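Computation of the quantities below employed the complete heavy-atom set of this structure, encompassing side-chain atoms and omitting hydrogens, waters and symmetry-equivalent molecules. The shown structure was predicted, so the numbers you read here are calculated from the model rather than taken from an experiment. In what follows, chains carry the letters A, B, and so on, assigned in the order in which the sequence lines appear, proteins first and then strands, with residues in each chain numbered from 1.
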Amino acid sequence: KNEVEQSPQNLTAQEGEFITINCSYSVGISALHWLQQHPGGGIVSLFMLSSGKKKHGRLIATINIQEKHSSLHITASHPRDSAVYICAATNNDMRFGAGTRLTVKP
Amino acid sequence: GAGVSQSPSNKVTEKGKDVELRCDPISGHTALYWYRQSLGQGLEFLIYFQGNSAPDKSGLPSDRFSAERTGGSVSTLTIQRTQQEDSAVYLCASSLGAGAANYGYTFGSGTRLTVV
């Protein structure tokens with residue numbers, strides 16, 4: 001079993017839809033990261049959180065430490081949100097989920 | 001520099017040759033990480049440096065892989081006797097610290113290694 005599990009693996013949505021990507025982890029962490037990887041391969045760190053909830057624009061990330069679960073939400077999705085979203089559990093190093101490939105259609 | 005710089009951005013090498021990949025972290029970042037992403041695969045941890053501590057090499061896939069970090073700054077990942085399965089994008093990231101919830105990570109743009 002992977003230490004970090006993401007779901008769904010693939011997600012297709014219509015523009016404007018509310019998106020949720022889930023991440024469960026089995027390791028002890030100091031923080032949980034959500035990363036975005038665009039088709040060109042570049043990786044951008046979206047959120048780092050150790051408790052509660054963070055919001056940046058249309059993106060919201062939540063974490064439940066007791067349940068070892070985090071979610072990434074995208075409100076009013078747009079085609080430019082199409083990317084692979086990766087959850088990473090960190091302590092001294094990073095353990096990655098397999099990623100969720102999001103495609104938002106106009 | 002302003003970001004994490006990796007070089008070269010692309011490298012094509014013949015099977016059996018040695019390659020060196022370079023990572024220049026953000027100035028002042030004490031933690032440096034190497035990852036790789038094979039085609040269609042997720043990210044895989046390779047090695048982690050934190051300050052002057054001994055590196056965590058637990059992710060290196062074989063003894064053909066080694067890395068060093070000189071002066072607590074620039075890091076070089078060396079792959080000896082490259083094999084086709086080494087083909088991947090090699091990513092470097094740096095962080096102000098490690099093991100603490102308040103530090104973010106910044107990724108470089110990666111080196112795409114192709115072994116032919």
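For a residue to count as touching a neighbouring chain, one of its non-hydrogen atoms must lie under 4.5 Å from one of that chain's; by this rule B:S58 touches chain A with the side chain only. There is no contact between A:I29 and chain B, counting heavy-atom distances below 4.5 Å.
Here CG of B:L91 is found 7.0 Å from CD of A:Q37. Values are rounded to the nearest 0.5 Å.
Residues A:I63 and A:Y85 are members of one and the same hydrophobic cluster, defined by side-chain heavy-atom contacts under 4.5 angstrom among Ile, Leu, Val, Met, Phe, Trp and Tyr. Hydrophobic clustering of Ile, Leu, Val, Met, Phe, Trp and Tyr side chains at less than 4.5 Å, counting indirect connections, unites A:I43 with B:Y48. In the hydrophobic clustering of ILVMFWY residues, with side-chain heavy atoms under 4.5 Å counting as a link, A:I65 and A:V4 come out together. Both B:L113 and B:I47 are members of a single hydrophobic cluster when ILVMFWY side chains are connected at heavy-atom separations under 4.5 Å.
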For residues 70-77 of chain B, which side-chain donor-acceptor pairs fall under 3.5 Å, sequence neighbours excluded?
| from | atom 1 | to | atom 2 | distance (Å) |
| --- | --- | --- | --- | --- |
| B:S75 | OG | B:W34 | NE1 | 2.9 |
| B:S75 | OG | B:E68 | O | 2.9 |

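Aromatic ring centroids of A:F96 and B:F45 lie 6.0 Å or more apart.
Proximity of A:L35 to B:F107: side-chain heavy atoms (C-beta onward) are separated by under 4.5 Å at one or more points.
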